[in-house]
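Naming convention: chains lettered A, B, ... in sequence-line order (proteins, then strands); numbering from 1 in each chain. Because the structure is predicted, anything quoted here is derived from the model rather than measured.
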Number of protein chains: 2
Amino acid sequence: MLDERKRKILQAIINDYISTAEPIGSRTIARKYDLGISPATIRNEMADLELLGYIEQLHTSSGRIPSAKGYRLYVDALLSPETITEKEINLISNWYDVKVRRVEEVFQETAKIISRMTKNISLVLAPQLSQATFRYLQFLPLDESRVIVVVMTDSGFVENKVIVMPSGTTVEDLQRIALVVNKHLAGQALDSIKPSVLRRIKADVLANSRFFDVAMEAISQALTVDKKERVYLGGTTQLLNQPEFRDIDKVKNIFLMLEEEQLLCDLLHAHDGEGIAVTIGQENKYSGIQECSMISATYKLDGQIIGTIAVLGPTRMEYGKIMTLLDFMNSNLGQILKKYKL
Amino acid sequence: MLDERKRKILQAIINDYISTAEPIGSRTIARKYDLGISPATIRNEMADLELLGYIEQLHTSSGRIPSAKGYRLYVDALLSPETITEKEINLISNWYDVKVRRVEEVFQETAKIISRMTKNISLVLAPQLSQATFRYLQFLPLDESRVIVVVMTDSGFVENKVIVMPSGTTVEDLQRIALVVNKHLAGQALDSIKPSVLRRIKADVLANSRFFDVAMEAISQALTVDKKERVYLGGTTQLLNQPEFRDIDKVKNIFLMLEEEQLLCDLLHAHDGEGIAVTIGQENKYSGIQECSMISATYKLDGQIIGTIAVLGPTRMEYGKIMTLLDFMNSNLGQILKKYKL
DNA sequence: CATTAGCACTCACTAGTATAGAGTGCTAAC
DNA sequence: GTTAGCACTCTATACTAGTGAGTGCTAATG
């Protein structure tokens, strides 16, 4: 383990690099940080730190920058605790009050708040519908031939799908099917409702089998279609403000990744335990963001993890501040969801 | 008006600049395009074209590039007609078949197709709900205190909102309210349903006034909330492939604009007549895209204009090809919407 | 014996200069 | 009217110091 002085110096290097994005030399450390030692001593310590792999040099006569290993130690042990201010809390709750009118908007706005406050890209993985449980389904006639299947879940999410019914289907036919289906599926998790389950139901509705197939098709579509989780992005342009991303090609790689929703889902799922996770640089699986760090946090509703929020930025990011914010946001998000869902 | 030879030369300059992004000189024109005249003659003609404002020079010894006025003439008069290939048509219909499962996805996928095929940013303005007309509304009980208000429109769009009802509300109360509301609102355009209209209804439901206020609040929310039109974006990263956007700051401006949905709506509404519109460079109202051109086309459903599709890119874009594609897409979109809406 | 002053050395960055090359406008010949 | 020829302009590239921030090493110091 590093001694106190080495840690102080490493901390100074990282803090400075985080705010300036410039390599930092022994002179500057001695001047800016009051460590009571001369540049020469700092140089010796820095040589040690470099040997240990915590910092690196771009070329022999440049200052030092933190290495991935350095950031890792920083995040794990050197981070000075940050608190979220009263002002920030007000800003957040005010934002929700003004901008959010319905559940679905919570996620997009959460992403916006986070990116605004951290000056980085934010990602919000919204809960999959499949984790919800089926409450009931209802057919609402639209006109002579078309019917809307409305599927309701426990938590109040509503999924709907317009279908065309064979001519001659009556409202009563539909109600009978709904009755049977509801009896079978009530309380089941959406992702446990597989074609086999639906087929078993069929036996119970034999009398109406003519409409059943169409209805089942629609139901299974209404059920599956939104299993696809949604990722909401915020502040993608923030990346363009970072000096390490002046290079269009680096930016392009990352933006291309951000356009692939499935990839983002996977990325956010990499962390599916509780609490906050930090992946630094090459720790990231996707090569496009190996010059980035990602801080992610899972949030809960009624004690169950239902989604993830994350911040993506250059490895040189304000870990402390962002972790504190995400911690606050994710403990908050459950309540906010409840509130807006009613 | 320009004589034939001048037009040929201007056409050559613009075509070449569109494909190379490099200023073009008299020598190159003579070599690449078989006009039967010498570089010197071309130089003379180019001097004229510059005097007339159709082309410009970056500095005295550089080749010429088209000016905004040049592009304008090109688009209005010089464009060689392009046709869409069988292969492309298949690609498009196949894309819809594979990717689109529900109405809402049509717009996002349309944006993706267009950006993929044009290598530029695409924007799709999806129909506002407010243009739809109210069909009927229904209350679906969720649990003891919560109810879902489902509002259905003519075209089969469904809007829903969870509300909390005062304790003691019965299903019959709700049905009575629904009945009255439906009687009053059926067939009305959503954006004509204002608070004053709702208040007038109140008289008819006096017996249930206790629940009425809550219900009305929810209804008006369900009605207004999605008046907000949605803009779907595709291929924003394509911009980064353009040589004229190697500069991060230019890109940033445009990306910032793309994040503001309201702005994009306004932009797309600038063209609300029929057919295709092209705005070139400074013709654009928003300063951020004055180095861009935008080609937009409105699409219809049942004879009525319901939205806009557009392509945004550098002024140096393949006008002919893109206009042909948009023309095809917008004439196609109505059918596709019908098909997937069913 | 850890610390520090001093110094030679390295290397990116900047400014200045020369050169090459693409393209022009003008003039005179065809 | 068209074109060959030529002097001229201006960018882009390569090369060459010169500057300065920062280092590592050595020897002196408390």
May I ask you to say whether B:E50 pairs ionically with B:R64, meaning some side-chain N is under 4.0 Å from a carboxylate O?
yes
Carboxylate-amine/guanidinium contact A:E45 A:K6, below 4.0 Å
yes
Atom pair distance, as rounded to whole Å: CG in B:D48 and C1' in D:dT2
14 Å
Supply the atom-to-atom distance A:L326 CG to A:T118 OG1, rounded to the nearest 0.5 angstrom.
7.5 Å
Would you please confirm or rule out a distance under 4.0 Å between OP1 or OP2 of D:dT3 and any side-chain N or O of B:S38?
yes
Classify the angle between the aromatic ring planes of A:Y319 and A:Y74 as parallel (below 30°), tilted (30 to 60°) or perpendicular (above 60°).
perpendicular
Looking at A:K119 and A:E318, is there a salt bridge between them, counting it only when a charged N and a carboxylate O are closer than 4.0 Å?
no
Please give, in whole Å, the distance from C:dA2 C1' to A:E45 CD?
10 Å
Starting at the 5' end of nucleotides 9-30 of chain C, put B wherever the base has a protein heavy atom under 4.0 Å, S where only the sugar-phosphate does, and a dash everywhere else.
-BBS---------BSBB-----
Separation of atom CD1 in A:I13 from atom C1' in D:dG22, rounded to whole Å
13 Å
Run B:F255 and A:F255 through ring-ring contact (aromatic ring centres under 6.0 Å, His included) and show every step you take.
CA-CA 11 Å; B:F255 279 11; A:F255 279 12; 5.5 Å; yes
